[in-house]
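Worksheet: the structure to be examined is printed underneath.
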Amino acid sequence: QVQLVESGGDLVQAGGSLRLSCEASENILTMDVVGWYRQAPGKQRELVALIFSSGRTDFADSVRGRFTISTDRFANTVYLVMNSLRPEDTAVYYCNARPIHSSRDYWGQGTQVTVSS
């Protein structure tokens, strides 16, 4: 029932920055957890960053210190700001959300991030 639409993926040089956006069809304040995952060609989907309703965040070791996750309740949007990008960050990035008291998660369609050397 929750619709998630990602945007902001692009081709960027190593060392550059991007901001990804995930717009939700429902109030993000009703979400227990919102996060970003990524999947590179030939690899499994992996966690990138999470933000919980309490405000607590969690990051993959590979991105900690370089990426930040935040929300805008007025825009019903979660952001992933990616700094110091590396070629190994190249992947399709997916937004994920779990509403409070929900038994399932919801996924967006993904946005492509390509980091060139």
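Counting from 1, the numbers follow the sequence of the chain as shown. Not measured: the values here are computed from a predicted model. All heavy atoms count here, side chains included; hydrogens, waters and symmetry mates do not.
Between Met31 atom CE and Tyr106 atom OH the span is 8.5 Å, to the nearest 0.5 Å. Note that the CZ atom of Phe59 and the CG atom of Asp61 stand 12.0 Å from one another [nearest 0.5 Å]. A distance of 8.5 Å separates OG1 in Thr111 from CG in Asp10, rounded to the nearest 0.5 Å. Separation of atoms CG (Leu29) and OG1 (Thr71) is listed at 7.5 Å; rounding is to 0.5 Å. In this structure, OH in Tyr37 is found 12.5 Å from CG in Leu80, a value given to the nearest 0.5 Å. Atom-to-atom distance recorded for Asp58:CG and Ile69:CD1 is 9.5 Å, nearest 0.5 angstrom.
A 4.5 Å side-chain heavy-atom check between Leu11 and Ser116 finds at least one atom pair inside the cut-off. Annotation: side chain of Leu18 is in contact with side chain of Leu85 (closest heavy-atom distance under 4.5 Å). Side-chain contact between Pro99 and Val2 is present, with heavy atoms from C-beta onward closer than 4.5 Å. By the 4.5 Å heavy-atom criterion applied to side chains, Val113 and Arg38 are not counted as neighbours.
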Exercise. Do Trp36 and Asn96 pass the side chain to side chain contact (heavy atoms under 4.5 Å, CB included) test, and can you show the C-alpha distance, the side-chain angles, and the key distance before you say yes or no?
Worked result: CA-CA 6 Å; Trp36 288 93; Asn96 174 271; over 6 Å; no
Problem set entry | Derivation and outcome, side chain to side chain contact (heavy atoms under 4.5 Å, CB included), residues Asp32 and Phe52 | CA-CA 6 Å; Asp32 201 19; Phe52 297 86; 5.9 Å; no
For this session: Go through the steps for Glu23 and Leu4 under the test side chain to side chain contact (heavy atoms under 4.5 Å, CB included), then give the verdict.
Result: CA-CA 6 Å; Glu23 185 176 0; Leu4 303 172; over 6 Å; no
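Not one N or O on the side chain of Thr114 forms a donor-acceptor pair closer than 3.5 Å with the backbone of Thr90. With hydrogens and angles ignored, the 3.5 Å screen pairs no side-chain donor or acceptor of Glu26 with any backbone N or O of Thr30. For Glu6 (side chain) and Cys95 (main-chain N/O), a donor-acceptor pair under 3.5 Å exists by modelled atom type.
Shown here for Val92 and Gly110, the closest heavy-atom pair between the two residues is CG1-CA, 3.8 Å. The two residues Ser117 and Ala14 have their closest heavy-atom pair at CA-CB, 4.4 Å. Closest non-hydrogen pair, Arg86 versus Val115, comes out as O-CB, 3.3 Å.
Note: the hydrophobic cluster containing Val12 also contains Val63 (ILVMFWY, side chain heavy atoms under 4.5 Å, direct or indirect links).
Environment of CD in Glu88: crowded, with over 12 heavy atoms of neighbouring residues, nucleotides or ligands closer than 6.0 Å. Around the CD atom of Gln39, the shell of radius 6.0 Å holds more than 12 heavy atoms that belong to other residues, nucleotides or ligands. Counting heavy atoms of neighbouring residues, nucleotides and ligands inside a 6.0 Å radius, atom CZ of Arg73 does not exceed 12 of them.
By the 6.0 Å and 45° rule, Arg64 does not stack over the aromatic ring of Phe67. Judged by the 6.0 Å distance and 45° axis criteria, Arg45 is positioned over the aromatic ring of Tyr94.
Under 3.5 Å, the side chains of Thr77 and Asp72 contain no donor-acceptor pair of N or O atoms. There is no side-chain donor-acceptor pair under 3.5 Å between Tyr79 and Arg19.
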